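Have a look at the structure below, then the notes.
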Number of protein chains: 4
Amino acid sequence: MQRKPVKVLVWDENASDVPTNIYPENVRGAIAAGLAELGGDTVEISTACLDDPYQGLPGLALNENEVLVWWGHRRHDEVTDETAARIVEHVREHGLGFVALHSAHYSKPFTRLLKCTGDLKGGWSDAEQPEEIHVCAPRHPIAHGVPSFTLAREVMYGGPFDVPPPDVVVFQSWFPAAREYFPSGLCWTVGAGIDPHFRSGHGHGVGQGKGVGRVFYFRPGQETVLTYFNPDVRQILLNAVRWAAKRT
Amino acid sequence: MQRKPVKVLVWDENASDVPTNIYPENVRGAIAAGLAELGGDTVEISTACLDDPYQGLPGLALNENEVLVWWGHRRHDEVTDETAARIVEHVREHGLGFVALHSAHYSKPFTRLLKCTGDLKGGWSDAEQPEEIHVCAPRHPIAHGVPSFTLAREVMYGGPFDVPPPDVVVFQSWFPAAREYFPSGLCWTVGAGIDPHFRSGHGHGVGQGKGVGRVFYFRPGQETVLTYFNPDVRQILLNAVRWAAKRT
Amino acid sequence: MQRKPVKVLVWDENASDVPTNIYPENVRGAIAAGLAELGGDTVEISTACLDDPYQGLPGLALNENEVLVWWGHRRHDEVTDETAARIVEHVREHGLGFVALHSAHYSKPFTRLLKCTGDLKGGWSDAEQPEEIHVCAPRHPIAHGVPSFTLAREVMYGGPFDVPPPDVVVFQSWFPAAREYFPSGLCWTVGAGIDPHFRSGHGHGVGQGKGVGRVFYFRPGQETVLTYFNPDVRQILLNAVRWAAKRT
Amino acid sequence: MQRKPVKVLVWDENASDVPTNIYPENVRGAIAAGLAELGGDTVEISTACLDDPYQGLPGLALNENEVLVWWGHRRHDEVTDETAARIVEHVREHGLGFVALHSAHYSKPFTRLLKCTGDLKGGWSDAEQPEEIHVCAPRHPIAHGVPSFTLAREVMYGGPFDVPPPDVVVFQSWFPAAREYFPSGLCWTVGAGIDPHFRSGHGHGVGQGKGVGRVFYFRPGQETVLTYFNPDVRQILLNAVRWAAKRT
C-alpha cells in the first residue's frame, strides 16, 4: 500500500548575493537536497526561480504540484502581480500548499494570501546571533521528531509579527542576545469563505485545517549562514511539506 | 534589602451560579488564596467584585494597586462603560498591570485595551475534557518553575483567537478530545503611542515590554472545575502578577 | 521498497485477577491491539501466556520472533528456570529484543538478563495517583512522536531503581502526590562479552546499542487502570518494539 | 524574615594547564563568580585549592561550610586518603553537601562517597563538539528556571556511567556528533544506614533526600571551553548548591 509521493516545487528568487560557498546551488538547491535526503521516494521535488520563464511559476507548475516552497529576500518587487495572483488563486481556490520561508514574510504571495503587512513590530537585526527554537505544539505533525533546539548563528526578528491570528503556533524563537521573541513556525488555513483574519468564520473548527489551502511560515533561513543544512530544520521543512499537502 | 510587596486587586463579577462547593468564596477568593499561598509577604492582596460600590473599582483602588486580576463570565454587559474606561486609562496611561482570565476575553476592559473582538474562531465547548498546556517560552518569567502540564478537566476554546499579535506566546493549549489548539498564555504591552494592533509601531523593541501597561491573558478558569486550586495554575498567576507589575 | 514486518510476541502471565471489564482479553490482548492499531502491516503480532504449552515460549517461538514483550505481576515464581534460561540465551546470544513492562522488573528473565535485584528502593504504593512522564531523550527513537504527558491514574514506584546503569534514560516519572521519582523508560544492550553491569566494558560505544540483544523497561502498566489504551503509551510500545528489533 | 546565606566552599586542584585566557582565576574563580553573580547575598562563598594548607580542606573549613563544590581533572592522585576520608565523613555523618563537577567522577571523594568506579563505559572524546542538555525533571529544584539548552563546545562522555542508581536524573546529555548519551545531572543521598548502592535500604522514601548528605554530579566543565560562564550552567550550579544545602 504505497502512497503517491508528494509533489513539491521549491522556488527562490535566484539572488545573486547568496554566498556560493554556502549555497552553491542557491538556497533552493539546499532546500531541495534536504527534502530529498530525509524524504527519499516519498517526495517528488522540482525547483524553479524568479529568472525562469513565467517567473518559474506557470499555471502548469502550480497545477502539477501540491506544495510550493518560497524563499525570497531582496527581489520581492520583481515578482509580478500576475504571478502573485496565480499563486493566491491556487492556494485559496485549489488547495495548493504554501510554505513561506524567512524574508518571505514580506513577499507578495504571503502578504496577499493572509491580507497582512507581515511587519516585524519588534524590529530585526542582521547581527548574527544564536536563535533558540522552542516547540510549542509537540503533537503537531510539523514538530514530529523535532525537540527544541538552537541555531548557533542566525539573524534576529522581533515580535509582534503583524499577521492574522494563526491556527497554531508550532515553534517560537527566543534570541538571548537581543532578548526578543518571535513566532517562528505558524500555520493558517485560507480559502473559500474564510477571511484571512478569520473574522467571518463561524462555529467550530474553522481554524483547524478544514479550509482550502494550508499555509506555513518558518522564520529561520538567512542566506549567509548554514541554516538549511541543519538536520532539525530539514526535518521541519519535510514535515511542513507533508502537512501543507494534507498528508498529515 | 527587602522589596515592597506587589499590590494586587483580584476582581470577579460575583456570579451567583459559581458552585459554592468548589468556590465557597467565589472565584476571586480562590485566586487570592493561591497568590497568598505561594507569594507570602511578597504580595499584598485585596479583592473586589461587580456588586461592590463603584463596581469594586473606584479610582482610588486603581491608583493604589499595581495589578488588576479580572475574572468575569456572564455579566460582562453589567460592567459600565465608565468602569471600563477607568481601567483602560489606568493601564494605558499609568501602567496598571492587567491579568485577564478565561471568559474575560469578551470583557469590556480586555477588548477595549486590545481593540479586538476577542472571538474564539475555532469555537468552544462546555463539555469537560483534558487540556494540555505546553510551555512555549520556558525562559519567560511567567513560565518560571512551570513545566508543560495537563488539567484533567476544563472546557475547550478553539483558535484562531481574534486578538492583536502578542509580544510572546507563553503557553499554548491542546485539547486532545476536540483536536483543537488555543494560545492559552499571551503577553501584550499597551499604552501611549502604541497601537494595540502594533501597526503604528516603529523600529526596534516596540513589543518587548517597553510600553506603558502590561496585559496578560490566561485561558483556563472554568468555574465548574478546580482549576484555581491547581498548583501549576497558581504558580502561573503569581508569576503573571509579578510580571504585570514590572517586577520581572 | 517494503521492509519485512517486525515479528513480535506479546506474552503475559494470564493472571486471573486482571479486571475483565478493563482487559477482556487480558493485558496481552490490549498490548497486541495497540501495536496493531498504530503499527498496521509493519508489525506481525502473536500472543502467548504462562498457561500455554512450554509456558508459551517454546524455542520455536523465540527463534521466529524478533522481540518478546513481557507483562507479569503475581506469577513470577511459576516461570520455570528453564523458560527464563531460554529467553536469556535468545537475547544474549541471538539478539532477541526484550521489552519488560511494569512489574516485570521482578521477573526472572529481566533480573537474569541484567543480573540485578530490580528492587524499588524508594518503595511503591498501590494507591492510584497521577504519574507525570517526562521525555529525557527527545531524539531517541522510542520517544519519537511522544511529548511529556500525564497518566491520570497509575500506581507509584519510587527510585532508586536497582538496575545496572542504562545506556540511556528515555523517560522519567514524577509522582506529585507521593513526591517520588522513578526512571520509567530505560535501555540496555546485553550479550556476548558485555557484563550487564558494564564493568568489564572497554573503550568507546559499548553502551550505545552495539551489543547483541536490546532490552527496554517501561514502568507504567498496572492492570487495574487503562494504561495500555492510552495513545501515548501505545506509541511508546510500538517505538520500543521497533527499537528492540534494531529497526531504529 | 531573612534566611542565613548558604555557606559554600568552591575547591579545585589548581591545575597549571588551565588556560589563563579562559579561566584567569582558575576554574574555582569562575565558579565562585557565577554563584556570586546570581546568588547575591543569599550565598557566602569562599574558595580553596589543592595547593593550600591541608589541601585546602582542614576540618574547620568542612565544619563551617554547608556545601563543597569540587573540580579536579589530572591531580586526583595527589588528593590524600586523609583528605578524602575527611570529606566522606563530613558528608555521610554530618550532612555536608557535595557537588562534583566534570572529571570529578574519578576523584577520591566522589568514588568513595558512592562506592563506585565512576567509569565512562561508553568512552569519551576530547574533540570539542556540541552537547545538548535535556531537562529530565522539570519540577526538581536544580532544574528551576533552566530549560533544555545546548553548549556549543564541550568534550564528550559516553554512558553507561558506572555509578549507583540515582535518586533522580535531573539532566541528560546527547552528543549529536558522537551519537552518545550521558546522564549529566544526578542526585544521590548518602549517609548513616544507607548503602551507596541502596541495596540495604528498606521501605518508602529511602532515596528521596531523606538521608544525611546530598551529592550532585554535573557533567559539563572542560577547562578549555567557556562552560562556567554559560548562564544556564551558572543557574544550575546555584540551584545545586541550594539543594545540596537542603534549602530546597
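Each chain gets a letter, A, B and so on, in the order the sequences are listed, and its residues count up from 1. Remember, it's a predicted structure, so these values are computed and weren't measured experimentally.
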Does a sphere of radius 6.0 Å around CG in C/D77 hold more than 12 heavy atoms from other residues, nucleotides or ligands, not counting ones at 6.0 Å or beyond?
no
Specify the closest pair of heavy atoms between C/V168 and D/Q172, including all atoms of both residues, with the distance to one decimal.
CG2-NE2, 3.6 Å
With D/Y217 via ring pair (Phe, Tyr, Trp, His ring centres under 6.0 Å) - residues at least two apart:
D/F110, D/F161
Salt bridge (Lys or Arg N to Asp or Glu O under 4.0 Å) filter on C/R75, not counting sequence neighbours, yields C/D51, C/E78
Quick check: under 4.5 Å, non-hydrogen atoms only, which of residues 131-153 of chain C neighbour chain D?
C/E132, C/H134, C/V135, C/C136, C/A137, C/P138, C/R139, C/H140
Ring pair (Phe, Tyr, Trp, His ring centres under 6.0 Å) partners for C/F216, two or more places apart:
none
